[in-house]
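Just below is one structure, and these are the notes that go with it.
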Amino acid sequence: HQRLWVRATMRDILSLQFWLLMAALLTFALFSLMDASLEWSALRLAVLIFVFSCLGVCLPRGLLELVRELALEARHRSPARTGGDAGYGPVVVLGAGDLGSLFLEHLKSSSDDLYPKLRMLGFLDETRVLHGRQLRSFKILGGLSCVPRLVEDEGLKGIVLAIRKPRQDLLDQLAELADDHGLKIYRWQVGMEEMG
C-alpha cells in the first residue's frame with residue numbers, strides 16, 4: 001500500500017475522489033430505498049460539500065503539478081522529437097522508484113537541448129506489482145523482458161538506469177540487451193562530490 005501510494009500522482013488522487021463520490025451516491029441511493037423519510041435535499045447538500053471540499057483542497061495544491069505533468073507527457077510523447085539519428089531518441093527508465101521520480105523532476109526543469117531528441121516511453125521495473133501502473137503519467141511497462149518488443153514496436157534506442165545500487169546480474173542483463181539490440185545504456189544518479 002505504501003509503495004503504491006507514495007508515488008501517487010494528482011490523477012490518482014482525483015480518480016480516488018471520483019470513486020469515493022460514486023460510493024457516497026450509491027450509499028445515499030440505497031439508504032433512500034430503505035428509508036423513505038430521507039430527504040433528497042440532504043443528499044444534494046452532502047454531495048455539494050464533498051465536491052467543494054475536494055476542489056478546495058486539491059485544486060490549489062494540484063493544478064500546477066497536473067499542468068506540469070501533462071506538459072512533460074506531451075513533450076516526451078511527441079513523435080517530432082525522434083527525427084534524425086543525432087540525440088538520445090526513445091528511451092525507457094529502468095527503476096520506478098525514488099531515483100526514477102527524481103529523473104522525471106530533472107526532465108521537467110531541463111531545457112530540450114540538454115537531452116536532444118530524448119523521448120521517454122515509460123518505465124521498466126522488475127517489481128511485478130507495479131507493472132501497468134503509472135508514475136507521474138508515464139506507464140510502468142513491465143520488466144526487462146519487454147525490451148525486445150519495445151525495440152521492435154517503438155524504436156527504443158536506450159535505457160536510463162535509475163537505480164542507486166544495481167545488482168551485478170542486472171548490469172549483466174543490461175549489457176546483454178545492449179549488445180543484442182544495439183541499445184545505449186545511460187546511468188542517471190544524484191549525488192554530491194567533494195571538490196578538491
Side-chain angles (χ1 to χ4, degrees), residues 2-15 58 60-127 129-144 146-147 150-151 154-167 170-171 173-175 177-178 181-196:
Q2 188 175 13
R3 179 163 168 80
L4 298 179
W5 280 102
V6 84
R7 293 176 186 83
T9 63
M10 197 61 204
R11 284 185 192 173
D12 296 330
I13 293 168
L14 291 175
S15 174
C58 293
R61 290 175 176 83
L63 189 60
L64 182 61
E65 187 62 30
L66 185 63
V67 169
R68 286 176 70 202
E69 281 185 21
L70 291 173
L72 178 70
E73 182 179 1
R75 191 171 98 186
H76 285 279
R77 298 213 191 286
S78 169
R81 297 175 56 85
T82 60
D85 289 335
Y88 291 89
V91 299
V92 291
V93 175
L94 177 59
D98 294 334
L99 204 54
S101 292
L102 285 173
F103 179 68
L104 283 181
E105 291 299 321
H106 173 68
L107 283 180
K108 283 181 191 177
S109 61
S110 300
S111 66
D112 283 343
D113 45 340
L114 183 61
Y115 302 107
K117 300 194 180 183
L118 180 115
R119 183 170 69 97
M120 196 167 134
L121 300 174
F123 285 90
L124 297 178
D125 201 291
E126 294 300 312
T127 308
V129 72
L130 296 176
H131 295 179
R133 296 192 176 274
Q134 289 197 343
L135 176 62
R136 308 279 175 132
S137 73
F138 286 97
K139 191 169 184 178
I140 301 173
L141 303 165
L144 285 175
C146 295
V147 169
L150 290 171
V151 169
E154 303 288 340
L156 180 68
K157 300 285 185 212
I159 299 173
V160 178
L161 181 62
I163 300 174
R164 281 190 178 87
K165 295 179 182 177
R167 302 180 322 268
L170 182 68
L171 294 174
Q173 195 175 1
L174 280 173
L177 284 169
H181 300 287
L183 297 172
K184 293 189 178 192
I185 308 297
Y186 306 101
R187 177 105 190 243
W188 191 83
Q189 54 191 356
V190 177
M192 195 164 47
E193 297 178 18
E194 185 176 346
M195 293 181 62

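Keep in mind that what you see is a predicted model, and the values were worked out from it rather than measured.
- Taking all atoms of both residues into account, the shortest heavy-atom contact from Glu154 to Arg119 is O-NH2, 3.8 Å.
- Contact detail for Pro90 and Gly155: the closest heavy-atom pair is CG-O, 3.5 Å.
- Note: Ile159 CD1 to Ile185 CD1 = 4.0 Å, rounded to the nearest 0.5 Å.
- Side-chain contact between Asp125 and Leu135 is absent, with no heavy-atom pair separated by less than 4.5 Å.
- The structure places CG of Leu177 at 10.5 Å from CG of Leu150, a figure rounded to the nearest 0.5 Å.
- Residues Leu114 and His106 have side chains in contact (heavy-atom distance under 4.5 Å, counting atoms from C-beta outward).
- Taken to the nearest 0.5 Å, the CD atom of Glu126 stands 8.0 Å off from the CD1 atom of Ile163.
- The shortest distance between side-chain heavy atoms of Met120 and Tyr115 does not fall below 4.5 Å.
- Between the CZ atom in Arg167 and the CD atom in Gln173 there is a gap of 8.0 Å [rounded to 0.5 Å].
- In this structure, Pro166 and Arg187 have side chains that are in contact, with non-hydrogen atoms separated by less than 4.5 Å.
- Interatomic distance, Ile140 CD1 to Thr127 OG1, rounded to the nearest 0.5 Å: 8.5 Å.
- Counting only heavy atoms from C-beta outward, the side chains of Val93 and Leu104 never approach each other to under 4.5 Å.
- Contact of the Leu161 side chain with the Leu99 side chain is not registered, since no non-hydrogen atoms from C-beta on lie closer than 4.5 Å.
- To the nearest 0.5 Å, atom CZ of residue Phe138 and atom CG of residue Leu107 are 7.5 Å apart.
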